Amino acid sequence: MKKYCNITPEGTRDLLFEECIAQRNVEHMLASAFESRGFHEVVTPGLEFFDVFSLGCAGIPQESMYKLTDHKGRLLVLRPDSTLPIARLTATRLQNESRPLRLYYTQTVYRNNPSLMGRSDEVMQTGIELLGASGRRADLEVIVTAVEAISRCVPDFRIELGHAGFFRSLANQLPISDEVREDIRLSIESKNYSALDTILDRLEQTPPVLAIRRLPRLFGGEEVLQQAAELCSGEDAVRTLDYLKELYLSLTELGLGDKLIIDLGLVQRNDYYSDIVFSGYVEGSGDAVLSGGRYDHLLEAFGAPMPAVGFGINVDALTKLMLESGNVQTKKPADVLVHGENGFEIKALRHSAFLMKGGLRCENSVFASREEALQYARAQHIARVDFVDDAVHSVNPAEKGGNQ
């Protein structure tokens with residue numbers, strides 16, 4: 001049987017040196033943005049019961065989840081989403097906390113993507129959840145926090161703003177099954193005009209059908225809302241458009257107008273989104289690096305109804321962009337290599353501890369001879385070697401004297 005001990009599973013990869021530094025930098029910058037606005041970190045288990053994600057509102061296909069069983073035969077999954085576990089945590093552990101709850105997380109999510117999509121199955125994700133708060137103030141806070149967080153990592157980005165209720169109000173007027181509704185949603189999401197037309201051509205060309213046909217093209221500035229208003233007259237759709245306009249104008253007043261695009265074709269997979277939805281895109285990355293929205297009914301499924309809004313950021317995508325820009329520290333060599341002569345190993349370890357307390361980065365030599373220690377220091381670009389016996393002798397390995 002073929003053994004796979006020298007490769008990683010499809011959809012995963014190793015991180016080395018500068019990649020690790022870049023990822024930690026991104027995580028730190030995003031976490032500091034969240035903490036500066038009063039959000040507190042939580043961590044949920046990497047393993048969750050399948051039931052957490054099988055709720056009707058979850059919108060996560062079971063074929064995309066990594067599954068396993070525990071010792072009792074119960075079905076578990078590797079966490080494919082962070083919002084649902086945090087909803088569970090809030091309903092069970094934080095019921096007595098004052099609201100609103102401001103939570104943030106930095107943790108890995110796992111999705112089983114088709115092999116030809118080129119997407120990672122293991123993604124480091126960070127984000128916030130504002131729970132127990134509704135209305136424009138809460139929506140504005142979350143979107144502004146998203147803008148601040150992403151701007152700390154990359155200067156060039158855009159935020160697309162939509163509303164889950166707009167597509168839902170139109171789709172509910174069509175005589176179609178849930179499967180066809182999902183096909184329509186996928187076509188709109190990918191802006192696949194041909195596939196969308198093929199589905200809609202089979203239906204009577206009513207005003208809701210004509211409006212849905214236009215959805216992928218309804219993106220731009222404030223004028224998009226006027227165009228959409230001319231396509232529909234339903235009370236829910238009109239209310240949605242009015243709210244989007246109010247939110248858009250408020251964000252523009254904050255100076256974010258050049259970063260904002262209204263996209264009424266923004267119809268994300270997760271069915272738990274109830275109202276506004278938004279995505280963030282940066283130059284150099286085809287997929288959204290940020291996605292979020294309001295999910296006012298999700299916590300009802302966990303027995304703790306409350307409004308909520310939040311977003312998640314793909315840390316790996318931002319890390320890749322920072323590496324490509326060269327805006328990352330390279331792997332730094334140690335400041336000092338400490339080599340203890342035979343019989344002076346403990347003294348050398350104590351000397352290293354003393355240097356580290358003074359702020360220096362130290363490595364302890366594991367070599368048998370001085371020459372081997374010097375050769376290693378040169379190869380690693382370590383500028384100083386301390387030889388320890390009865391005394392301490394400092395040597396610059398790059399100088400001739402370093403050959404002694």
Side-chain angles (χ1 to χ4, degrees), residues 8 11-44 46 79 81-83 86 102-111 118-130 141-159 256 259 278-292 310-336 355-363 380-383:
T8 64
T12 68
R13 64 190 183 93
D14 300 312
L15 296 181
L16 299 176
F17 312 135
E18 286 83 3
E19 291 175 304
C20 294
I21 294 171
Q23 185 178 83
R24 295 291 174 259
N25 286 346
V26 170
E27 291 173 7
H28 175 73
M29 286 188 285
L30 296 174
S32 64
F34 303 152
E35 289 175 358
S36 68
R37 289 185 170 270
F39 288 84
H40 304 281
E41 186 174 17
V42 295
V43 177
T44 64
R79 176 182 52 228
D81 173 88
S82 289
T83 297
I86 289 177
R102 287 179 166 84
L103 308 179
Y104 85 88
Y105 58 88
T106 302
Q107 54 193 29
T108 307
V109 294
Y110 303 88
R111 293 285 185 100
R119 293 176 178 169
S120 296
D121 288 9
E122 181 183 34
V123 176
M124 181 59 71
Q125 186 183 78
T126 186
I128 66 169
E129 312 293 350
L130 180 58
E141 177 177 354
V142 168
I143 295 173
V144 168
T145 302
V147 169
E148 181 179 338
I150 202 170
S151 64
R152 293 194 181 197
C153 300
V154 290
D156 191 11
F157 63 91
R158 74 177 190 273
I159 300 293
L256 302 178
K259 301 291 188 184
F278 53 93
S279 294
Y281 292 85
V282 299
E283 191 166 343
S285 181
D287 291 329
V289 300
L290 179 151
S291 62
F311 64 81
I313 296 177
N314 186 327
V315 172
D316 294 341
L318 292 181
T319 299
K320 180 175 181 289
L321 291 169
M322 290 191 72
L323 285 165
E324 290 173 351
S325 71
N327 188 25
V328 178
Q329 287 181 318
T330 57
K331 179 171 70 79
K332 290 183 177 180
D335 298 309
V336 184
L355 294 176
M356 286 187 286
K357 283 183 180 179
L360 295 177
R361 301 172 70 248
C362 295
E363 283 189 35
Q380 296 297 316
H381 305 289
I382 299 173

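The model shown is predicted, which means the values in this text are computed figures rather than measured ones.
For the atom pair OH (Y110) and OG (S120), the distance works out to 12.0 Å, reported to the nearest 0.5 Å. In this structure, the separation between OG1 on T106 and NE2 on H28 is 11.5 Å, given to the nearest 0.5 Å. For the atom pair M322 CE and Q23 CD, the distance stands at 12.0 Å (nearest 0.5 Å). In this structure, the separation between CG on D156 and CD1 on I150 is 10.0 Å, given to the nearest 0.5 Å. Once rounded to the nearest 0.5 Å, the distance linking CE of M356 with SG of C362 reads 5.5 Å. Here the straight-line distance linking atom CZ of R111 with atom CD of E122 works out to 14.0 Å at 0.5 Å rounding.
By the side-chain contact (heavy atoms from CB on, under 4.5 Å) test, Q125 is found to be paired with S82, Y105, V109, residues two or more places apart in sequence or in another chain being considered. In this view, E35 and Y104 satisfy the side-chain contact (heavy atoms from CB on, under 4.5 Å) rule, not counting sequence neighbours. For the side chain to side chain donor-acceptor pair (under 3.5 Å) test, residues two or more places apart in sequence or in another chain that qualify with D287 are R119. Residues meeting the side-chain contact (heavy atoms from CB on, under 4.5 Å) test with D121, sequence neighbours left out: Y66, N112, N113. For S36, the side-chain contact (heavy atoms from CB on, under 4.5 Å) partners at least two apart in sequence or on another chain are E148, R152.
Looking at L256 and I159, their side chains never come closer than 4.5 Å, going by heavy atoms from C-beta outward. You'll find the side chain of R37 reaches within 4.5 Å of the side chain of V144, heavy atoms only. The side-chain heavy atoms of I86 and L103, taken from C-beta on, include a pair separated by under 4.5 Å.
When all heavy atoms of G359 and D335 are compared, the closest pair comes out as O-OD2, 4.5 Å. Of all the heavy atoms in A334 and I382, the pair that sits closest is O-CG2, 3.6 Å. When all heavy atoms are compared, the tightest approach of G310 to F278 is O-CZ, 3.9 Å. Across every non-hydrogen atom of A146 and L290, the tightest pair is CB-CD1, 3.7 Å. Across all non-hydrogen atoms, the minimal contact from A33 to A149 is CB-CA, 4.0 Å. Residues V289 and A317 approach most closely at CG1-CB, 3.7 Å, considering heavy atoms.
Judged purely by distance below 3.5 Å, without hydrogens or angles, the side chains of T319 and E19 never pair a donor atom with an acceptor atom.
Panel note: side chain R79, backbone T44; a donor-acceptor pair is recorded below 3.5 Å. No donor-acceptor pair under 3.5 Å is formed between the side chain of R102 and the backbone N or O of H40.
Sequence neighbours left out, the pairs with a member in residues 310-321 that pass salt bridge (charged side-chain N to carboxylate O under 4.0 Å, His left out) are K320-E324.
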